[in-house]
Amino acid sequence: MNIVQTVLIFAGIPAAIFAVFALAVYGRSQGRLHTRYRPGRAWTFRPVWYLPHPDGARQVSAAALNTPSALAPGTTSAPAIETTPAAAIESAQPPVGPVAVGGASGEW
Amino acid sequence: MSGEVVASRAALGSGPSVGRADTPEPFSPSQLARIDEALTLSSRETGLTFSLYVGELADPSRVTAETLFSQLVDAHEPVLIAVSPGQRILQIVTGEGAARRLPNRSCALAALGMRASFSNGDLTGGIVNGLRMLADAAGRR
């Protein structure tokens with residue numbers, strides 16, 4: 001057994017095993033680290049506002065449950081583009097919205 | 001029903017301060033799917049329109065939440081859940097129609113459950129549980 005084989009067996013194999021376990025432990029969490037909320041940390045994401053899916057509110061299809069179809073106002077979607085002229089009309093004449101009468105507040 | 005999208009888009013423009021646009025989405029696709037399912041199912045069961053806002057609420061947060069709520073023009077009996085993770089503030093706003101079915105006591109109970117999850121760092125779980133509790137309290141239409 002020459003020196004290259006010795007190094008590969010006694011250093012290479014342990015290093016490979018170590019790398020496999022390190023990847024299994026830390027690898028997956030690196031990609032989703034930004035979505036993890038921790039109390040006390042700053043919240044740097046832009047505000048989002050979700051409404052129930054208009055069709056799904058009447059009848060939920062199986063496909064709707066598999067894909068994120070909640071309407072994010074910031075994202076561009078087909079209905080949003082279609083209603084852009086209506087949005088301009090509404091902003092010109094501010095309609096009377098619902099009046100808040102109750103609810104609850106909380107801090108954590 | 002597309003008017004709801006109009007309301008939300010218009011509200012976002014004049015709403016509280018908008019964060020950096022280059023930041024990623026706050027929720028992963030699987031978390032979004034859970035939130036979407038909870039929003040849709042609770043709205044379908046109860047006939048109320050549950051709406052979720054996640055972002056900064058300008059001080060005073062209650063007034064800001066009520067301003068946001070008043071922009072839900074086309075929604076049928078809207079209920080707004082406004083969560084500001086950075087400020088650790090939660091606001092639930094009901095209108096006249098929804099308040100009859102969701103008394104303040106039920107909203108406070110849902111808020112309590114949501115706060116417990118939020119303080120553990122489980123934002124999605126708190127939102128989903130809160131929506132379920134509100135839907136259960138409101139009952140079927």
Side-chain angles (χ1 to χ4, degrees), chain A residues 31-32 34-60 64-75 77-80 82-91 94-108, chain B residues 1-2 4-6 8-12 15-16 18-21 23-24 26-29 31-33 35-37 39-41 43-44 49-56 62 66 69-73 78 85-86 88-96 99 104 107-108 111 115 118-119 121 123:
Chain A
R32 64 177 76 171
H34 63 278
T35 59
R36 182 82 169 88
Y37 166 68
R38 292 182 198 283
R41 292 252 184 99
W43 184 259
T44 56
F45 303 103
R46 62 170 177 231
V48 287
W49 196 341
Y50 301 113
L51 289 161
H53 197 271
D55 301 325
R58 289 188 291 272
Q59 184 179 2
V60 179
L65 300 181
N66 294 330
T67 54
S69 53
L71 295 170
T75 58
S77 59
E82 287 171 12
T83 55
T84 305
I89 294 168
E90 284 197 9
S91 61
V96 180
V99 179
V101 298
S105 304
E107 292 183 25
W108 68 91
Chain B
M1 294 297 273
S2 59
E4 290 169 8
V5 184
V6 174
S8 63
R9 284 175 66 84
L12 202 71
V18 177
R20 283 176 289 146
T23 51
F27 299 107
S28 68
Q31 290 173 328
L32 265 183
I35 292 173
D36 177 37
E37 184 184 354
L39 268 180
T40 305
L41 284 180
S43 297
R44 186 179 62 159
T49 305
F50 287 98
S51 168
L52 171 70
Y53 173 86
V54 182
E56 193 182 337
R62 184 70 197 174
E66 289 179 357
F69 177 79
S70 68
Q71 289 164 343
L72 290 166
V73 177
R88 300 201 227 175
I89 290 175
L90 161 71
Q91 300 282 357
I92 300 175
V93 187
T94 55
E96 199 170 333
N104 288 357
C107 294
R115 282 165 53 196
F118 292 161
S119 57
L123 210 55

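Computed from heavy atoms alone, side chains included, the values below leave out hydrogens, waters and symmetry copies. It should be emphasised that the depicted structure is a prediction, and the values quoted were computed from it without experimental measurement. Here is how names work: the chains are called A, B, and so on, in the same order as the sequence lines, proteins then strands, and each is numbered from 1.
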What part of [X] gets closer than 4.5 Å to chain A, counting heavy atoms only: side chain, backbone, both or neither?
X	answer
Phe50(B)	backbone
Ala111(B)	side chain
Arg115(B)	both
Pro85(B)	both

Checklist entry - Any idea how Tyr53(B) and Trp49(A) line up, ring-wise: parallel (<30°), tilted (30 to 60°), or perpendicular (>60°)? => result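 Perpendicular, since the angle between the ring planes exceeds 60°.
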
Checklist entry - So Trp43(A) and Phe27(B), would you call those rings parallel, tilted or perpendicular, with 30° and 60° as cut-offs? => result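 It falls in the tilted class, 30° to 60°.
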
Next on the checklist: Tell me which of these, Glu96(B), Arg62(B), Glu66(B), has more heavy-atom pairs under 4.5 Å with chain A than the rest.
Outcome noted: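 Option with the top pair count is Arg62(B).
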
Next on the checklist: Only pairs of heavy atoms separated by less than 4.5 Å count here; which of Val54(B), Val93(B), Leu123(B) has the most with chain A?
Outcome noted: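 Ranked by heavy-atom pairs under 4.5 Å with chain A, first place is Val54(B).
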
Checklist entry - To the nearest 0.5 Å, what is the distance between CD (Gln31(B)) and CG (Asp36(B))? => result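 Atom-to-atom, Gln31(B):CD and Asp36(B):CG are 13.5 Å apart.
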
Next on the checklist: When you measure from the side chain of Ser70(B) to the backbone of Gly97(A), do you find a donor-acceptor pair of N or O atoms at a distance under 3.5 Å?
Outcome noted: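 Side chain of Ser70(B) to backbone of Gly97(A): no pair is present.
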
Checklist entry - Under 4.5 Å between any side-chain heavy atoms of Leu72(B) and Thr49(B), yes or no? => result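 Answer no - side chains too far apart.
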
